[in-house]
Amino acid sequence: MRFTSFEKLSILCPDLSNADVLKREFFQRPTLQVAYDVLGKILARVFDGKVIAGRIVEVEAYRGDDPASHAYRGKTKRNSPMFDEGGTIYVYFTYGMHYCFNIVTESAGFPAALLIRAVEPLCGVDIMKKNRKTTEICNLTNGPAKLCQALKIERQLSGKKLNDGQLYVLDDGFEVDKKLVQRSRRIGIRVGTDLLWRFYLKGNKFVSKGQPIK
DNA sequence: TTAATGATGGGCT
DNA sequence: GCCCATCATTAAA
C-alpha cells in the first residue's frame, strides 16, 4: 500500500514519494519489538494540504503492567485509546500546556503504547519553524511535546487510526544500523525507572540527553 | 533551577 | 461531587 492519499506529496516531499505505509499488523506485536523496529521509520503529518514529516529516532514503551503507564490503573476516558488495537493514535495533554504523541501497540484489550520522543526533520521544515516559533533546526523536534507542536499533533487525533488521512507512519527503505540502537531507562518518570524501555539511535542529535540514574 | 499552566484521576465525603 | 497532588515537558534564568 502506497502513501497516495495526497497527490502533491512527491512535490513537497520527494523523499516520501515511494514510501510504503506500515501495515496495521506492524503495530499489533509485542511492544518492545515494535519499539525496536519503528526506529528509522517516518512520521508524516498531513495538515492544511501540506506534509510535515520526520524520521523517528527515539521512543519509549509503556505497557499496562508497568507502573509508569497511564493504563496501569485501568481504563479511563483519557487513556482508552491505549486499550484499542495497535495502530491507534494516543495523544495526551500534560503539564497544562503540552501534547505528547503515542502509537498504540499490541492487540485490542492489551493496553500498551510507544511515546514518540524525537524525530529528525525531513520535510515541511519551514512549517515546523513556524509552528515552533524558532529557526533552530535542532530545536524543532527533539522532544515529545516539541514534535507534537512542530507536526500539529493535538488532542483531536487521539483515538483515531494511523494512516487514515491525517497522520502516517511510513517505511522509505531507510536501513537503520542496528548497532546504533541503544536502550536506557525512560525519562521524566518517577516509577518504573528500572525498566530499560527507552530506545534511540546513538549519536543522533535529536535524541534527548537522558536522565542520571539515581 | 524553576515557573508556567490546567487536565486528570485517586481519595475522600 | 469536591479537593488537590501530580504530571511520559519546555523555556527561561
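Throughout, a chain's letter reflects where its sequence line sits, starting with A, and its residues are numbered from 1.
- Screening residues 27-44 of chain A for salt bridge (Lys or Arg N to Asp or Glu O under 4.0 Å), with sequence neighbours left out, gives A:Arg29-A:Asp37.
- Taking every heavy atom of residues 62-78 of chain A and every atom of DNA chain B, pairs under 4.0 Å involve A:Arg73, A:Thr76, A:Arg78, by number.
- Listed by chain and number, the residues in a side chain to side chain donor-acceptor pair (under 3.5 Å) with A:Lys179 are A:Asp177 (sequence neighbours excluded).
- For residues 146-164 of chain A, every residue pair satisfying the salt bridge (Lys or Arg N to Asp or Glu O under 4.0 Å) rule, not counting sequence neighbours, is listed here: A:Glu85-A:Lys161.
- At most 12 heavy atoms of other shown residues, nucleotides or ligands fall within 6.0 angstrom of atom NZ in A:Lys77.
- Along DNA chain B, read 5' to 3', the first and last nucleotides having any atom under 4.0 Å from a heavy atom of chain A are B:dA4 to B:dG10.
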- Under a 3.5 Å cutoff on both atom distances, Watson-Crick or G-U, what's the dot-bracket for DNA chain C ([ ] crossing, | other strand)? |||||||.||||.
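- Put simply, the side chain of A:Asn163 gets close to the backbone of A:Leu22: a donor and an acceptor are under 3.5 Å apart.
- Between A:Lys50 atom NZ and A:Cys123 atom SG the span is 13.5 Å, to the nearest 0.5 Å.
- For DNA chain B, the residues of residues 89-118 of chain A within the heavy-atom distance limit of 4.0 Å (strictly under) are A:Phe93, A:Tyr95, A:Gly96, A:Met97, sorted by number.
- Residues forming a salt bridge (Lys or Arg N to Asp or Glu O under 4.0 Å) with A:Glu58 (at least two apart in sequence, or on another chain): A:Arg117, A:Arg198.
- When the P atom is compared between B:dT5 and C:dC3, the two are found 23 Å apart, to the nearest whole Å.
- Under the side chain to side chain donor-acceptor pair (under 3.5 Å) criterion, the residue pairs touching residues 89-102 of chain A are A:His70-A:Tyr90, with sequence neighbours excluded.
- Summarising the geometry, the separation between CD on A:Glu136 and C1' on C:dA11 is reported as 11 Å, rounded to the nearest angstrom.
- Computed from coordinates, the A:Asn139 CG to C:dT9 P distance equals 15 Å when rounded to whole Å.
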Without placing hydrogens or testing angles, list every side-chain donor-acceptor pair under 3.5 Å for residues 103-115 of chain A, not counting sequence neighbours.
residue: A:Thr105; atom: OG1; partner: A:Thr31; partner atom: OG1; Å: 2.8
residue: A:Glu106; atom: OE2; partner: A:Thr31; partner atom: N; Å: 2.8
residue: A:Glu106; atom: OE2; partner: A:Thr31; partner atom: OG1; Å: 2.7

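- To the nearest 0.5 Å, atom CZ of residue A:Phe47 and atom CG of residue A:Leu151 are 11.5 Å apart.
- Applying the side chain to side chain donor-acceptor pair (under 3.5 Å) test to residues at least two apart or on different chains, the pairs with a partner in residues 119-130 of chain A are A:Glu120-A:Asn204.
- Scanning for salt bridge (Lys or Arg N to Asp or Glu O under 4.0 Å) contacts around A:Asp172 gives A:Arg55, with sequence neighbours left out.
- To the nearest 0.5 Å, atoms CD1 (A:Ile189) and CH2 (A:Trp197) are separated by 10.0 Å.
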